[in-house]
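Notes to accompany the following structure.
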Amino acid sequence: MNSWLESDCDPATCWTHGSLSLQNPSLIPVLTSSGSSDLTSFSCSSISNSCSMEEPITNPPYATSPFDNTLDGDLILRSSDLVDFRVVRAILRLASPFFASMLEVGQALPNASDGAQVDGDEIRDGCRVVPVSEDSETLGTLLRIIYPQENPVLADFTRVADVLAAALKYDMVKATVLTSTKLRGFVPQDPVRVWAIAVRNRLETEARLAADEIRRQAIVVLDVFPDEMQGINAGAYYRLLRYCRLDRAVEDFTFCDPAGSSTPDSQMTTVIPLSPSLQPDTMMPTSLRSQFRAISDIVCRSSDGHEFPAHKALLMLASPTVLGPLVSGLSSAAPSGEMDGSLRMPSVLPFDENGETVQILLSLCHSAELDAGLDTDELFLVPKVRAALEKYGMRSALEFLHQRWSTLMAENPLRAYMLASGVKNVEETSKAARLLLDRDMQEYYTSLLETSPASVYRTALLYHRACRDAASEVGALCQSVATGNSPASNNLTQILHASTRCNRNVRPDRYYCSGIMGLVQNPAASACGHCEVYAKMITRAIDMLRSQSDPLLTTLDILRGPSSPNSPSAPSIWLPLNAQDQSSIQALYTQLHDKVVARIDEVCRSRA
């Protein structure tokens with residue numbers, strides 16, 4: 001602490017400067033013209049002991065020429081990092097329809113002192129101050145492009161991207177043309193970054209150029225995710241991956257919007273929003289709404305003051321152990337001076353939950369039974385809804401939501417994954433990711449991708465690929481052991497050289513059989529029927545594990561196998577084998593299953 005600044009002082013003898021208490025009034029920090037603090041001598045006799053000194057008003061610095069022109073500049077644009085650009089309105093209006101519509105032609109400037117507020121705008125040096133969201137470097141570069149002077153040098157990718165976004169935002173044609181041309185110049189060395197910036201700014205031409213370069217360089221898009229991709233939605237990312245898989249160019253291919261429509265479909269709904277009137281019966285069939293309002297005999301009031309007409313019977317049926325006793329204990333009462341004794345006002349049931357949650361609870365009171373089209377797929381994920389259902393003992397509604405969510409998870413695990421990840425529900429996200437292993441992700445699309453981050457979608461793809469690679473590695477290991485290229489290891493049993501019923505074992509002088517290993521190495525080799533069946537069982541397992549399109553969870557179910565290969569539930573992969581061969585194959589399948597599951601668990605832990 002400086003010697004002149006004390007933490008404790010006597011109010012009777014202390015001088016104050018803003019919020020700082022000074023014991024020695026002759027040492028007061030004063031801002032110099034350069035903005036730095038200085039200690040200046042001050043006369044004690046000129047100020048009474050009870051006065052309060054205020055700091056002088058300080059303005060941000062002006063930008064360098066020509067944006068410090070106090071003669072011609074008649075408007076100030078203030079950057080996000082507090083640098084003032086004094087500009088000429090006429091130039092701004094000509095260059096930008098955005099600013100032209102904002103600035104009235106011939107608008108007179110008010111006669112106001114610095115720091116004054118006129119119509120909500122700050123005034124400095126007689127000019128209105130307009131804050132903008134761009135930093136001083138971006139704003140300065142943008143303004144120098146539209147000013148009648150030589151264009152600034154644009155050699156930095158990030159700067160080009162920032163200026164391009166600002167030019168598009170303010171509808172500055174010259175700046176947009178210049179920066180988009182500069183952006184295309186970065187395509188050869190940074191095609192993925194250029195694609196991301198182009199899509200973020202909805203520039204299909206530049207996005208297509210970058211995508212073509214990505215294909216030409218054979219870049220694995222999934223392995224390259226620069227910072228610029230953070231602003232991309234998963235739908236555009238899906239289309240980039242799909243475009244890179246095409247073996248020919250498609251003329252009408254677009255990245256910014258799904259083909260044929262720029263409007264997301266109904267699958268993109270999220271948690272039910274509050275309607276303007278906050279009426280829970282808006283989620284009921286139209287034919288029931290008027291009846292529901294007519295017979296309502298109770299008002300449910302949320303913690304934030306919203307009131308919902310309801311029916312006691314529905315509340316008691318939905319929550320017999322909690323709301324039931326509360327409802328039955330309420331009696332209708334008529335406010336004094338408003339109604340006579342023959343007409344009574346509905347009783348009011350207060351809730352601790354806010355209006356949105358109460359609206360959903362009341363909707364579930366009847367929708368869980370009537371299934372009136374209420375979109376409840378994602379309500380199971382909302383903690384406040386589940387907590388309220390558990391609090392009020394609404395078991396039927398909770399089971400209804402769980403059933404709807406389980407159905408969605410089974411039918412559309414990608415949508416379930418995106419929803420669960422969006423609300424950071426780790427448990428349900430992990431479940432959905434596992435179910436994705438049974439899907440071919442290359443062509444798997446859901447409209448929810450259009451409003452979800454590309455990073456979330458990419459995480460699912462990386463997990464899917466890692467699990468597939470793990471299974472493929474186990475398949476390759478099995479093939480290596482089966483062909484005798486490596487000894488049994490890593491918990492894989494030694495594979496028989498031949499079936500226990502191989503013809504060669506019966507009459508080696510009459511029959512030739514290349515054996516199981518020979519058939520795995522060369523399926524066209526000559527072999528007896530017994531070894532051929534055994535070898536097919538091994539090669540089928542290897543092919544399923546190494547496939548990038550076969551459903552992996554189904555493969556694991558097959559490898560786990562039924563309790564007996566002859567049971568009705570035995571998969572079609574099982575072929576007739578004698579008991580000893582069956583036991584050997586089942587042992588191998590079990591080991592393959594456990595090996596893959598262990599590898600998948602490793603993938604999960606590494607990405608946790």
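- Taking the ring centroids of Tyr392 and Phe351, they lie under the 6.0 Å cut-off.
- Glu428 and Trp405 share a donor-acceptor pair across their side chains, judged by distance under 3.5 Å alone.
- Geometrically, Arg404 does not engage Phe380 in a cation-pi contact, judged by NZ or CZ lying under 6.0 Å from the ring centre and within 45° of the ring axis.
- In terms of the side-chain contact (heavy atoms from CB on, under 4.5 Å) criterion, residue partners of Asn522 (sequence neighbours excluded) are, by chain and number, Ala524, Ala525.
- With hydrogens and angles left out, the side-chain atoms of Tyr457 and Asn233 include no donor and acceptor closer than 3.5 Å.
- Side-chain N or O atoms of Arg439 include none that pairs as donor or acceptor with a backbone N or O of Pro551 at under 3.5 Å.
- Judged purely by distance below 3.5 Å, without hydrogens or angles, the side chains of Glu213 and Gln217 pair a donor atom with an acceptor atom.
- Using a cutoff of 4.0 Å between basic side-chain nitrogens and carboxylate oxygens, Lys391 and Glu353 are scored as salt-bridged.
- Side chain of Ser363 to main chain of Gln359: a donor-acceptor pair is present (N/O by atom type, distance under 3.5 Å, no hydrogens or angles).
- A donor atom on one side chain and an acceptor atom on the other are found under 3.5 Å apart for Asn354 and Thr357.
- The side-chain tip of Arg560 does not point at the ring of Tyr589 from less than 6.0 angstrom away and within 45° of straight on.
- Under a 4.0 Å N-O distance rule, the pair Arg395/Glu399 does not qualify as a salt bridge.
- A distance of 6.0 Å separates CG in Leu389 from CG in Leu364, rounded to the nearest 0.5 Å.
- Considering all non-hydrogen atoms of both residues, Phe186 and Asp156 come closest at CZ-C, 4.0 Å.
- Of the charged side-chain nitrogens involved, at least one lies within less than 4.0 Å of a carboxylate oxygen, so that Arg159 and Asp135 count as a salt-bridged pair.
- Listed by first then second residue, pairs satisfying ring pair (Phe, Tyr, Trp, His ring centres under 6.0 Å) with a partner in residues 216-241 read Phe225-Tyr237, Tyr238-Tyr445, not counting sequence neighbours.
- Note: Arg434 CZ to Leu552 CG = 9.5 Å, rounded to the nearest 0.5 Å.
- In this structure, Tyr463 has no ring-ring contact (aromatic ring centres under 6.0 Å, His included) partners at least two apart in sequence or on a different chain.
- In this structure, the side chain of Arg239 does not engage the main chain of Ala234 through any donor-acceptor pair within 3.5 Å.
- With no hydrogens or angles considered, no side-chain donor-acceptor pair links Thr429 and Lys424 at under 3.5 Å.
- Counting only N and O atoms by type, the side chains of Arg546 and Gln479 include a donor and acceptor under 3.5 Å apart.
- Here the closest non-hydrogen pair linking Leu419 and Glu378 is CD1-CB, 4.0 Å.
- For the pair Glu204 (side chain) and Cys256 (backbone), a donor-acceptor distance under 3.5 Å is present.
- Within the model, atoms CE of Met394 and CZ of Arg386 stand 14.5 Å from one another, a figure rounded to the nearest 0.5 Å.
- Judged by distance alone, the side chain of Thr539 and the main-chain N or O of Lys536 form a donor-acceptor pair under 3.5 Å.
- Ser547 contributes a side-chain N or O that, together with a main-chain N or O of Asp550, makes up a donor-acceptor pair within less than 3.5 Å.
- A donor-acceptor contact under 3.5 angstrom links the side chains of Asp438 and Thr554, judged on distance only.
- Thr459 places a side-chain N or O within 3.5 Å of a backbone atom of Ser455 that can act as its donor or acceptor partner.
- Distance alone, capped at 3.5 Å, is enough to place a donor-acceptor pair between the Arg215 side chain and the Leu246 backbone.
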